[in-house]
Amino acid sequence: MTHRPRMTLVEAEPGQSRYAALAAALRQRIVDGEWPPGTALPAETSLAGEHGVALGTLRRALELMAEQGLIERRHGKGTFVRGGLLGAPMLRFFRFGSGDGEVPQSRILTRQTVVASAEVARRLGIARGDPVLRLERLRSLGGQPRLLEEIWLVLPLFAKLTTLPLAEWGDLLYPLFAERCGVAVARATDEITFAPLTARQLRALDLPAGHPGVAVTRQAYDLAGRCVELRVTHGDAFAFHYSVTLT
């Protein structure tokens with residue numbers, strides 16, 4: 001990749017610190033594809049000179065970007081653009097026995113372009129009524145259905161997936177997003193709630209009537225900080241498992 005010549009000075013907006021403005025400028029260079037995921041950033045002295053800032057300001061900007069999940073500092077090697085998430089597996093919230101640790105088999109049940117509801121639009125940061133690609137996906141382990149997912153993807157960002165043959169989707173979505181649509185998922189947030197499963201969800205998951213369910217709602221973000229995916233994963237509440245270590 002050809003390195004940029006010296007850039008103009010970074011100008012902070014009112015109320016914005018110089019290092020935050022620099023972080024925004026560096027983020028934009030990443031979003032523009034100058035530094036793809038996994039590549040090393042130029043030396044700190046070079047970046048500071050290009051943007052006309054002190055080395056301390058540059059380092060504070062890099063610290064902010066690391067906190068935002070855009071970059072990672074590798075001791076003795078330099079600073080790198082973080083690679084996109086490969087899967088951020090939902091199965092870390094569940095225990096199904098012998099299938100734990102496997103990549104679940106995935107099958108797209110339905111695919112349609114719909115208008116975003118108020119809640120979907122709010123979470124994706126788009127206007128109510130904007131078109132989105134809605135998927136329903138069933139994930140299985142050892143031939144047994146385990147997770148049923150509703151997924152909404154921003155359009156036209158994922159327009160190529162509206163016609164991609166379902167046989168070519170594979171079991172993991174995030175590598176597909178990167179390969180087919182050029183969208184790298186940089187981070188995701190998950191919310192967990194317990195709620196009854198609908199009759200259709202119970203049938204899809206092969207669970208008896210009245211069986212308790214759990215829902216994991218995910219919002220996934222690209223390198224630009226845009227929410228590009230909303231996902232609700234439904235599963236068996238009795239299989240739910242979550243642990244955390246506090247120090």
| query | Passes side chain to side chain contact (heavy atoms under 4.5 Å, CB included), Leu166 versus Arg111? Steps please. | reply | CA-CA 9 Å; Leu166 297 183; Arg111 171 179 58 180; 3.6 Å; yes
| task | Please assess Ile192 against Thr217 for the test side chain to side chain contact (heavy atoms under 4.5 Å, CB included), listing each intermediate value before the final yes or no. | result | CA-CA 6 Å; Ile192 302 166; Thr217 300; over 6 Å; no
| message | Go through it in stages, so that I can follow the logic: the residues are His241 and Arg92, the test is side chain to side chain contact (heavy atoms under 4.5 Å, CB included), and I'd like the CA-CA distance, side-chain angles, deciding distance and then a yes or no. | response | CA-CA 8 Å; His241 174 88; Arg92 73 187 188 280; over 6 Å; no
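Follow the hydrophobic side-chain contacts under 4.5 Å out from Trp35 and you never reach Leu64; the two are in separate clusters. Note on Leu138 and Val103: separate hydrophobic clusters, where clusters join Ile, Leu, Val, Met, Phe, Trp and Tyr whose side-chain heavy atoms are under 4.5 Å apart, directly or indirectly. Note: the hydrophobic cluster containing Leu223 also contains Leu62 (ILVMFWY, side chain heavy atoms under 4.5 Å, direct or indirect links). Taken together through direct or relayed side-chain contacts under 4.5 Å among Ile, Leu, Val, Met, Phe, Trp and Tyr, Leu22 and Ile71 form part of one hydrophobic cluster. Leu47 and Val53 fall within a single hydrophobic cluster, where Ile, Leu, Val, Met, Phe, Trp and Tyr are joined by side-chain heavy atoms under 4.5 Å apart, directly or via other members.
When only modelled atom types and interatomic distance are considered, Tyr174 and Glu229 share a side-chain donor-acceptor pair under 3.5 Å. Side-chain contact annotation: Glu149 with Thr233, donor-acceptor N/O pair under 3.5 Å present. Residues Thr79 and Arg73 bring a donor and an acceptor atom of their side chains to less than 3.5 Å of each other. Checked by atom type, the side-chain pair Ser106/Arg139 shows a donor-acceptor distance below 3.5 Å.
Taking both residues in full, the closest heavy atoms of Leu176 and Glu168 are given as CD1-O, 4.1 Å, listed atom of the first, atom of the second, then distance. Among all heavy-atom pairs drawn from Ala25 and His51, the shortest one is CB-CE1, 4.2 Å.
Residue-environment remark: CZ (Arg128) stays at or below the threshold of 12 foreign heavy atoms within 6.0 Å. Around the CZ atom of Arg123, the shell of radius 6.0 Å holds more than 12 heavy atoms that belong to other residues, nucleotides or ligands.
As a member of the Ile/Leu/Val/Met/Phe/Trp/Tyr network built from side-chain separations under 4.5 Å, Phe80 groups with nothing else and remains a singleton.
At a threshold of 4.0 Å, the pair Glu150-Arg231 does not count as salt-bridged, since none of the basic side-chain nitrogens sits closer than that to a carboxylate oxygen.
Put simply, the side chain of Ser140 never gets that close to the backbone of Gly143: no donor and acceptor are under 3.5 Å apart.
Using the six-membered ring where Trp is involved, Phe94 and Phe240 have ring planes that are perpendicular, over 60° apart on the 30 and 60° scheme.
Taking Phe158 as the reference, Phe177 meet the ring-ring contact (aromatic ring centres under 6.0 Å, His included) condition, with sequence neighbours excluded.
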Return all side-chain donor-acceptor pairs below 3.5 angstrom for residues 202-214, not counting sequence neighbours, or 'none' if the list is empty.
from   : atom 1 : to     : atom 2 : distance (Å)
His211 : NE2    : Asp236 : OD1    : 2.6
His211 : NE2    : Asp236 : OD2    : 3.4

